[in-house]
2 protein chains.
Amino acid sequence: MSDAPPSLDPVQLGAYFDLIEVTSLLRHAVEQQLRESGDLSYVQFQLLARLGDSPTGSHRMTDLADGVVYSRSGLTYQVGLLEKEGLVVRAPSPDDERSVTVTLTDAGRELLAKVLPGHVEVVSGLLFAPLSHDEVSALAGLLAPVREHMRATPPRSAASRRRKGGA
Amino acid sequence: MSDAPPSLDPVQLGAYFDLIEVTSLLRHAVEQQLRESGDLSYVQFQLLARLGDSPTGSHRMTDLADGVVYSRSGLTYQVGLLEKEGLVVRAPSPDDERSVTVTLTDAGRELLAKVLPGHVEVVSGLLFAPLSHDEVSALAGLLAPVREHMRATPPRSAASRRRKGGA
DNA sequence: TATTGTTATACTCTATAACTATA
DNA sequence: TATAGTTATAGAGTATAACAATA
């Protein structure tokens, strides 16, 4: 079924393992902080943050799904939770009646503001503490092309987003 | 509760976002490959790989839990699944009757071998493709100290592993 | 016919607490 | 008393498929 690369070289293996471990630990810490300070899951935080970044505080469901890598139903579920908490509001889009526009409420903005400092604190203290400013730059410089590459690379067995749902 | 860093500088922010996105996409791709080629979750793969790395093909439950960051019950659950599939075997440890030693079976080793090439292929093609060898070295060099720092930093509100369960 | 989003449903995973047994 | 592990249980999250409505 395969006869190509039997292994990664030691340097690659180290980088790969470190990457997995670092993000795993970081994620864990961040999730805990978000849960404690705002009763938010990481996904919910990402959705709020994304809306907060938007000039209008709004996004269509589809646009949100694109960013947070999700099945449509999963997004509906999460946005439903956020709406139930009064953090966002859903309304039919003006231009396209099929679409739904999600908008951050004042409460949502407040929660975001309440949660952000602690979030930053965790990321700073855990991820950036052992790195100099130049090293952070170097890290960013290395990750950017990888990100671009991944974005451009469709998940091999992707049955296409056009045919099926959205996952 | 906090009055310090209100924000990360742009460079840090970029590095942080890229890190999250890159590992999220990588994880997604890897999980899909593992599911398709061996019907394994990522956690299960990690457990098998960890056992495969051991000279004896064995580990105590506790040692496994330490690496894969888990609650004890979660580990019991996953190892239970693997045992049900005949990929590992559990037996009381010889030296400490309280401990359980988990050992990779031949079937487990075979599955690991069957799944690994595709795994390596995904990681190579997605994570390492856009990086030169030197860049991979640089990446590894940046992540290593971060990993060490995180390992040494107890999760702030960690009620200690001694008092409670293990999470 | 294609796209947007929701619903129903089933399943996987994870965590907490209570419990057993050995050190 | 502390440690190793299991069990019961409950809850969060995710994905699939069927569905409704608009373009």
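Here is the naming used below: chain letters follow the sequence lines, and residue numbers restart at 1 for every chain.
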For a quick test of your reading: what N or O donor-acceptor pairs under 3.5 Å do the side chains of residues 143-150 of chain A make, sequence neighbours left out?
unit_1	atom_1	unit_2	atom_2	d
A:R147	NH1	B:D18	OD1	2.7
A:H149	NE2	B:G125	O	2.7

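- Closest to the side chain of B:R98, out of C:dT22, C:dG5, D:dT22, is C:dT22.
- Put simply, CD on B:E97 is 19 Å from P on C:dT20, counting in whole angstrom units.
- As judged by a 4.0 angstrom heavy-atom cut-off over every strand, B:S41 is placed among residues touching the sugar-phosphate backbone only.
- Within 4.0 Å of B:T76, counting heavy atoms only, lies at least one base atom of the nucleic acid.
- A pairwise comparison of heavy atoms in A:S58 and A:L51 identifies C-CD2, 3.8 Å as the closest pair.
- Comment: A:R35 does not engage A:E31 in a salt bridge, judged by the lack of any side-chain N to carboxylate O separation of less than 4.0 angstrom.
- Here the P atom of nucleotide C:dC13 and the NE2 atom of A:H28 are 15 Å apart, to the nearest Å.
- Between the CE atom of A:M61 and the P atom of D:dA21 there is a distance of 18 Å, rounded to whole Å.
- The distance between atom CG of A:L75 and atom P of C:dT4, rounded to the nearest whole Å, is 13 Å.
- Checked against D:dA15, D:dT3, D:dG13, the side chain of A:R35 finds its nearest nucleotide in D:dG13.
- Rounding to whole angstrom units, CD of residue B:E31 and C1' of C:dC13 are separated by 11 Å.
- Looking at the side chain of B:Y77, the nearest of the listed nucleotides D:dG5, C:dT12, D:dA8 is C:dT12.
- Here D:dG13 presents its C1' atom at 15 Å from CG of A:L40, a figure rounded to the nearest Å.
- Among residue pairs with one or both ends in residues 104-115 of chain A, none qualify as side chain to side chain donor-acceptor pair (under 3.5 Å); sequence neighbours excluded.
- Taking atom CG of residue A:D96 and atom C1' of nucleotide D:dA21, one finds them 11 Å apart after rounding to whole Å.
- The separation between B:D95 atom CG and D:dA4 atom C1' is 12 Å, rounded to whole Å.
- Here A:R72 does not reach the OP1 or OP2 of C:dT6: none of its side-chain N or O atoms lies under 4.0 Å away.
- Nearest to the side chain of A:S73, among D:dA17, D:dG5, C:dT4, sits D:dA17.
- Side-chain proximity of B:S71 to the nucleotides D:dA21, C:dA15, D:dA2 is greatest for C:dA15.
- Applying the salt bridge (Lys or Arg N to Asp or Glu O under 4.0 Å) rule to pairs touching residues 42-58 of chain B yields nothing, sequence neighbours excluded.
- A heavy atom lying under 4.0 Å from DNA chain D marks the following residues of residues 78-90 of chain A, by number: A:Q78, A:L81.
- In this structure, B:H59 has no ring pair (Phe, Tyr, Trp, His ring centres under 6.0 Å) partners at least two apart in sequence or on a different chain.
- Applying the side-chain hydrogen bond (donor to acceptor under 3.5 Å, both in side chains) rule to B:S93 yields the partners B:T101; only residues at least two apart in sequence or on another chain are considered.
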